[in-house]
Number of protein chains: 2
Amino acid sequence: MTDTTNLVSIVKKFTSKIMSKKIPETTIIRLSVYYRALRQMSEQGVESTSSERLAEVVGYTAAQIRKDLAYFGQFGVPGRGYYVADLKLNISRILGINREWEVVLIGAGRLGEALIAYKGFERQHFRIVGVFDNNPDKFGKVRAGLTIRDIEELPKVVAEQKVEIGILTVPADQAQLVVNRMAEAGLKAILSFVPAPLEVPEGVILRRVDLAMELEALSYYLTLKTR
Amino acid sequence: MTDTTNLVSIVKKFTSKIMSKKIPETTIIRLSVYYRALRQMSEQGVESTSSERLAEVVGYTAAQIRKDLAYFGQFGVPGRGYYVADLKLNISRILGINREWEVVLIGAGRLGEALIAYKGFERQHFRIVGVFDNNPDKFGKVRAGLTIRDIEELPKVVAEQKVEIGILTVPADQAQLVVNRMAEAGLKAILSFVPAPLEVPEGVILRRVDLAMELEALSYYLTLKTR
DNA sequence: TATTGTGAAGGAATTCACAGCC
DNA sequence: GGCTGTGAATTCCTTCACAATA
């Protein structure tokens with residue numbers, strides 16, 4: 001389905017699509033969902049599918065799926081649907097997970113340690129290559145094969161290993177300071193588990209996972225029902 | 001600012017507002033953010049603020065903030081702004097966090113244990129009152145003051161303690177089964193950390209926190225920049 | 001025939017801008 | 001004078017519906 005005889009024009013088309021239109025963030029999240037569903041199909045030996053069938057699995061509408069994909073190109077065959085392997089590969093390219101990403105983790109507290117040990121780290125697209133803390137008592141300790149190091153060494157490791165992504169699991173009161181250091185060290189993207197708003201310099205991407213906010217949303221909907 | 005001399009009409013207005021309009025989910029998430037900012041202001045001794053100043057702190061527009069609040073009532077004073085304590089209280093009522101919620105956690109693996117120990121559990125609005133697993137080797141072990149119990153006991157605990165919220169941290173392959181048991185046990189809301197799509201029966205709310213998806217979003221934006 | 005890809009329509013959320021109130 | 005609350009305008013996102021096509 002991917003016409004390898006004319007790769008240049010496809011890449012051009014692909015790139016220009018991405019460049020021109022503005023793509024909703026929700027589309028990116030859904031692509032992750034499609035990717036998982038496709039991987040599962042692939043493992044079950046399913047070779048092809050349709051937007052309709054995929055929609056059943058993931059819980060969005062078929063039109064939504066086709067629209068999401070249309071932002072990036074044409075990956076299906078009218079009248080036939082999509083080849084699972086092909087679409088999966090294309091989505092992995094769009095998401096940039098057709099490679100391995102090295103990741104550092106800053107903050108070797110409980111949550112940090114849990115994440116280090118968390119094998120479900122999505123099948124090796126992301127690999128933790130360094131763990132840092134500012135507590136000297138922890139330096140040298142080993143967790144899941146990784147030695148906890150002084151955060152002073154962060155810039156060196158980031159530069160040497162060309163790391164771009166950092167996971168932040170420090171206490172809220174130190175978080176902004178650490179974010180600044182992460183940015184200075186050259187990290188380009190931060191996934192924060194800190195329950196506080198943080199500012200990042202231009203050019204650095206920040207995403208937050210906030211437990212409390214998620215629970216509060218549940219609390220809201222539960223309260224709403226009984227109001 | 002809350003006119004306690006005429007509480008009934010205020011409550012009526014409040015309720016009817018919520019009932020009539022459809023409120024964006026993003027508004028609820030932002031309310032959580034406002035709440036944190038207001039709590040911080042409150043701790044710093046700030047007594048009043050404006051949508052403009054709040055906007056600077058949280059990173060949304062002032063109009064957005066006013067619109068979000070308008071879904072639920074009138075909490076400010078034209079020309080003066082908002083009283084911090086008052087607005088904070090109102091938002092906590094909207095979110096349903098002007099009380100304590102008992103929570104159970106199912107899946108005493110690494111992530112589960114990290115969450116149990118996670119003190120940042122947002123200042124006691126949510127308290128874990130039970131930990132469950134299906135591995136007999138773990139039964140009776142104590143984590144952060146909580147004894148790990150047989151998941152068979154879940155219905156009993158949920159009923160006795162009137163628990164409505166459950167946190168799910170089991171492996172993906174068992175997750176759907178466990179979700180079903182949670183729903184049967186009477187839980188009304190589930191916060192899942194499982195990296196897989198899950199189905200819940202009517203009337204049960206499910207929210208997902210998916211590490212891999214968050215990292216994939218970062219990967220996408222990083223890839224985009226260099227494409 | 002079956003299903004994609006996509007303009008056009010419809011619906012939601014955000015931003016604007018200002019009347020009204022403190 | 002300053003700031004809220006809110007209709008109107010705008011922008012963004014989703015769904016519809018169908019021409020194009022393997």
Side-chain angles (χ1 to χ4, degrees), chain A residues 1-3 10 13-14 16-18 20-31 33-34 38 41 46-84 86-87 90-91 94 217, chain B residues 1-3 10 13-14 16-18 20-31 33-34 38 41 46-84 86-87 90-91 94 217:
Chain A
M1 197 161 301
T2 296
D3 181 357
I10 285 176
K13 190 174 175 185
F14 186 81
S16 66
K17 276 259 185 186
I18 295 179
S20 55
K21 311 208 181 182
K22 231 212 63 202
I23 294 151
E25 161 141 357
T26 47
T27 290
I28 307 307
I29 297 295
R30 283 191 299 265
L31 285 178
V33 176
Y34 306 155
L38 289 165
M41 285 180 179
V46 179
E47 290 195 356
S48 72
T49 188
S50 67
S51 58
E52 200 61 62
R53 264 172 289 157
L54 192 50
E56 267 169 46
V57 177
V58 297
Y60 306 114
T61 66
Q64 178 77 80
I65 293 173
R66 294 200 301 275
K67 198 56 134 186
D68 283 339
L69 296 175
Y71 283 114
F72 300 97
Q74 308 188 159
F75 306 113
V77 188
R80 316 210 112 246
Y82 303 89
Y83 288 115
V84 170
D86 186 63
L87 185 57
N90 273 300
I91 292 180
I94 294 166
Chain B
M1 197 159 301
T2 298
D3 181 356
I10 286 176
K13 190 174 175 185
F14 185 83
S16 66
K17 276 258 183 185
I18 296 179
S20 54
K21 310 205 180 183
K22 229 213 64 201
I23 294 151
E25 161 139 359
T26 48
T27 289
I28 306 308
I29 297 295
R30 283 191 299 265
L31 286 178
V33 176
Y34 306 155
L38 289 165
M41 285 180 180
V46 179
E47 290 195 356
S48 71
T49 189
S50 67
S51 58
E52 199 61 62
R53 262 172 291 157
L54 192 51
E56 269 169 43
V57 178
V58 298
Y60 306 115
T61 68
Q64 178 78 81
I65 293 173
R66 295 200 300 276
K67 197 58 132 186
D68 283 339
L69 297 175
Y71 284 115
F72 300 97
Q74 308 187 159
F75 307 114
V77 188
R80 316 206 113 247
Y82 303 89
Y83 289 114
V84 170
D86 187 64
L87 185 56
N90 273 300
I91 292 180
I94 294 166

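Labels below follow one simple rule: chain letters A, B, ... track the order of the sequence lines, proteins then strands, and each chain is numbered from 1.
Distance, A:Lys22 NZ to C:dA13 P: 15 Å, rounded to whole Å. In this structure, A:Glu25 places its CD atom 21 Å from P of D:dT11, rounding to the nearest Å. If you take OH of B:Tyr71 and P of D:dT4, they are 18 Å apart, rounded to a whole angstrom. Distance, A:Tyr82 OH to D:dA22 C1': 14 Å, rounded to whole Å. The nearest whole Å value for the distance from the CD1 atom in B:Ile23 to the C1' atom in C:dT14 is 16 Å. Going from atom CG of A:Asp86 over to atom C1' of C:dT3 covers 16 Å, rounded to whole Å. When rounded to the nearest whole Å, the span between CZ of A:Arg80 and P of D:dA20 equals 21 Å.
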> Should B:Ile65 and B:Val58 be marked as a side chain to side chain contact (heavy atoms under 4.5 Å, CB included) after you check the CA-CA gap, both sets of side-chain angles, and the distance that decides it?
Replying inline: CA-CA 10 Å; B:Ile65 293 173; B:Val58 298; 4.0 Å; yes
> Do B:Phe75 and B:Ile94 pass the side chain to side chain contact (heavy atoms under 4.5 Å, CB included) test, and can you show the C-alpha distance, the side-chain angles, and the key distance before you say yes or no?
Replying inline: CA-CA 12 Å; B:Phe75 307 114; B:Ile94 294 166; 4.1 Å; yes
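Comparing the local axis fitted to the first five base pairs of the helix from C:dT1-D:dA22 to C:dC22-D:dG1 with the one fitted to its last five gives a bend of 10°, rounded to 10°.
Qualifying side-chain contact (heavy atoms from CB on, under 4.5 Å) partners for B:Ser50, counting only residues two or more places apart in sequence or in other chains: B:Glu52, B:Arg53. Contacts of A:Glu47 classified as salt bridge (charged side-chain N to carboxylate O under 4.0 Å, His left out), with partners at least two apart in sequence or in another chain: none. Shown here are the side chain to side chain donor-acceptor pair (under 3.5 Å) partners of A:Thr27, two or more places apart in sequence or in another chain: A:Arg30, A:Asp68.
B:Leu87 is not listed as a side-chain neighbour of B:Tyr34, based on a closest heavy-atom distance of 4.5 Å or more. When side chains are defined from C-beta on, A:Tyr82 does not count as touching A:Asn90, because their heavy atoms never get closer than 4.5 Å.
Distance check, rounded to the nearest 0.5 Å: CD of B:Gln64 to OG1 of B:Thr26 gives 7.0 Å.
A pairwise comparison of heavy atoms in B:Ala55 and B:Ala62 identifies CB-N, 3.6 Å as the closest pair. Taking all atoms of both residues into account, the shortest heavy-atom contact from A:Pro78 to A:Gly76 is CD-O, 3.9 Å.
The nucleotide whose nearest atom lies closest to any side-chain atom of B:Gln74 is, among D:dT6, D:dT21, C:dT6, D:dT6.
Contacts of residues 48-58 of chain A with DNA chain D (heavy atom under 4.0 Å): none. Less than 4.0 Å separates DNA chain C from at least one heavy atom of each of the following residues of residues 59-69 of chain A: A:Arg66, A:Lys67.
A sub-4.0 Å separation between OP1 or OP2 of C:dT3 and a side-chain N or O of A:Tyr83 is absent.
Nearest-nucleotide positions on DNA chain D place B:Pro78 closer to the 5' end than the other of A:Pro24 and B:Pro78.
Within 4.0 Å of B:Thr27, counting heavy atoms only, lies no atom of the nucleic acid at all.
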